[in-house]
Amino acid sequence: MELLKGFSEITLVVDASNGAELLELVESNLPDIFMLDLEMPEMDGVDTSRYLLSKYPHVKILIMSTYGDEALVDNLLEEGVKGYLLKNSEPDELRQALQALKAGKSYYSSAIKIEVPCK
């Protein structure tokens, strides 16, 4: 999260340690983009994404993970997640991903080989 504070165009709305805490904190202040860790205690990134997209279908979600499993990324894409980055991505790639999501586009780590459907 410290890295995000260095991006002047980004405003960090909330920092939560798990999906359940996040859902409690965002009810009154919904951000444009959710950046979620795939592996969180109590409610992981997949379950949190599903809940957010079911309740707020317009939100954009960027998943961060150490795993580059193409099948997992494909499943998340089908469920409506707009971005997926590996945790070892460079800061510039994180900035590119956030800017793409803000512009209404998708962004997936170049290290992951997936077919992104045209929209």
Side-chain angles (χ1 to χ4, degrees):
M1 290 304 141
E2 286 301 313
L3 180 61
L4 290 177
K5 293 176 184 174
F7 296 164
S8 61
E9 70 277 17
I10 302 293
T11 301
L12 183 61
V13 175
V14 66
D15 184 8
S17 60
N18 62 64
E21 180 184 0
L22 174 76
L23 297 178
E24 289 176 20
L25 295 172
V26 299
E27 287 295 325
S28 62
N29 194 9
L30 198 65
D32 296 327
I33 300 171
F34 285 88
M35 195 168 104
L36 303 175
D37 189 337
L38 184 65
E39 291 189 359
M40 296 184 289
E42 291 186 48
M43 190 175 190
D44 67 16
V46 173
D47 290 339
T48 303
S49 295
R50 285 179 181 145
Y51 178 85
L52 288 168
L53 290 166
S54 71
K55 190 163 183 182
Y56 312 105
H58 64 283
V59 300
K60 299 165 190 109
I61 297 173
L62 173 65
I63 296 283
M64 301 286 295
S65 178
T66 56
Y67 304 108
D69 179 10
E70 286 88 1
L72 172 64
V73 177
D74 279 336
N75 288 339
L76 290 167
L77 174 67
E78 288 175 17
E79 292 190 28
V81 169
K82 298 296 182 197
Y84 192 98
L85 272 185
L86 297 177
K87 287 185 180 180
N88 64 355
S89 297
E90 294 294 323
D92 285 343
E93 187 173 18
L94 174 58
R95 176 178 265 137
Q96 287 176 336
L98 293 169
Q99 289 172 343
L101 269 65
K102 186 174 181 180
K105 300 175 184 174
S106 296
Y107 191 97
Y108 297 89
S109 176
S110 57
I112 302 169
K113 307 298 179 214
I114 60 168
E115 297 276 330
V116 178
C118 297
K119 290 192 177 183

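This chain uses plain numbering: 1 for the first residue, then up along the sequence. Atoms considered below: every heavy atom in the structure, side chains included; atoms not considered: hydrogens, waters and symmetry mates. None of these values were measured; they are calculated from a predicted model.
The distance from the OG atom of S17 to the CG atom of D37 is 11.0 Å, given to the nearest 0.5 Å. The OG1 atom of T66 lies 8.0 Å from the CG atom of L86; values are rounded to the nearest 0.5 Å. In this structure, CG in L62 is found 6.0 Å from CE in M64, a value given to the nearest 0.5 Å. Between the CG atom of L101 and the CG atom of D32 there is a distance of 10.5 Å, given to the nearest 0.5 Å. Put simply, CE on M43 and CG on N18 are 9.5 Å apart, with the number rounded to the nearest 0.5 Å. We find the OG-CD1 distance between S49 and I61 to be 4.0 Å, quoted to the nearest 0.5 Å.
Y84 and S65 get closest at one heavy-atom pair: OH-CB, 3.2 Å. Across P57 and S54, no two heavy atoms sit closer than the pair CD-O, 4.4 Å. Nearest heavy-atom pair, A100 versus S106, reported as atom, atom and distance to 0.1 Å: CB-O, 4.1 Å. Summarising the geometry of L36 relative to L22, their closest heavy-atom pair is CD2-CD2, 3.5 Å, with the distance given to 0.1 Å.
Applying the salt bridge (charged side-chain N to carboxylate O under 4.0 Å, His left out) rule to E21 yields no partners; only residues at least two apart in sequence or on another chain are considered.
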Verify side chain to side chain donor-acceptor pair (under 3.5 Å) between Q99 and Y107, making sure each step is shown before the conclusion.
CA-CA 9 Å; Q99 289 172 343; Y107 191 97; over 6 Å; no

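By the neighbour-count criterion of 12 heavy atoms within 6.0 Å, atom NZ of K105 is sparsely surrounded, having that number or fewer from other residues, nucleotides or ligands.
Judged by distance alone, with hydrogens and angles left aside, the side-chain atoms of T48 form a donor-acceptor pair with the main-chain N or O of D44 at under 3.5 Å.
In this structure, the side chains of K55 and L23 stay at 4.5 Å or more apart for every pair of heavy atoms. Taking 4.5 Å as the limit, every side-chain heavy atom of I63 sits out of range of all side-chain heavy atoms of V73.
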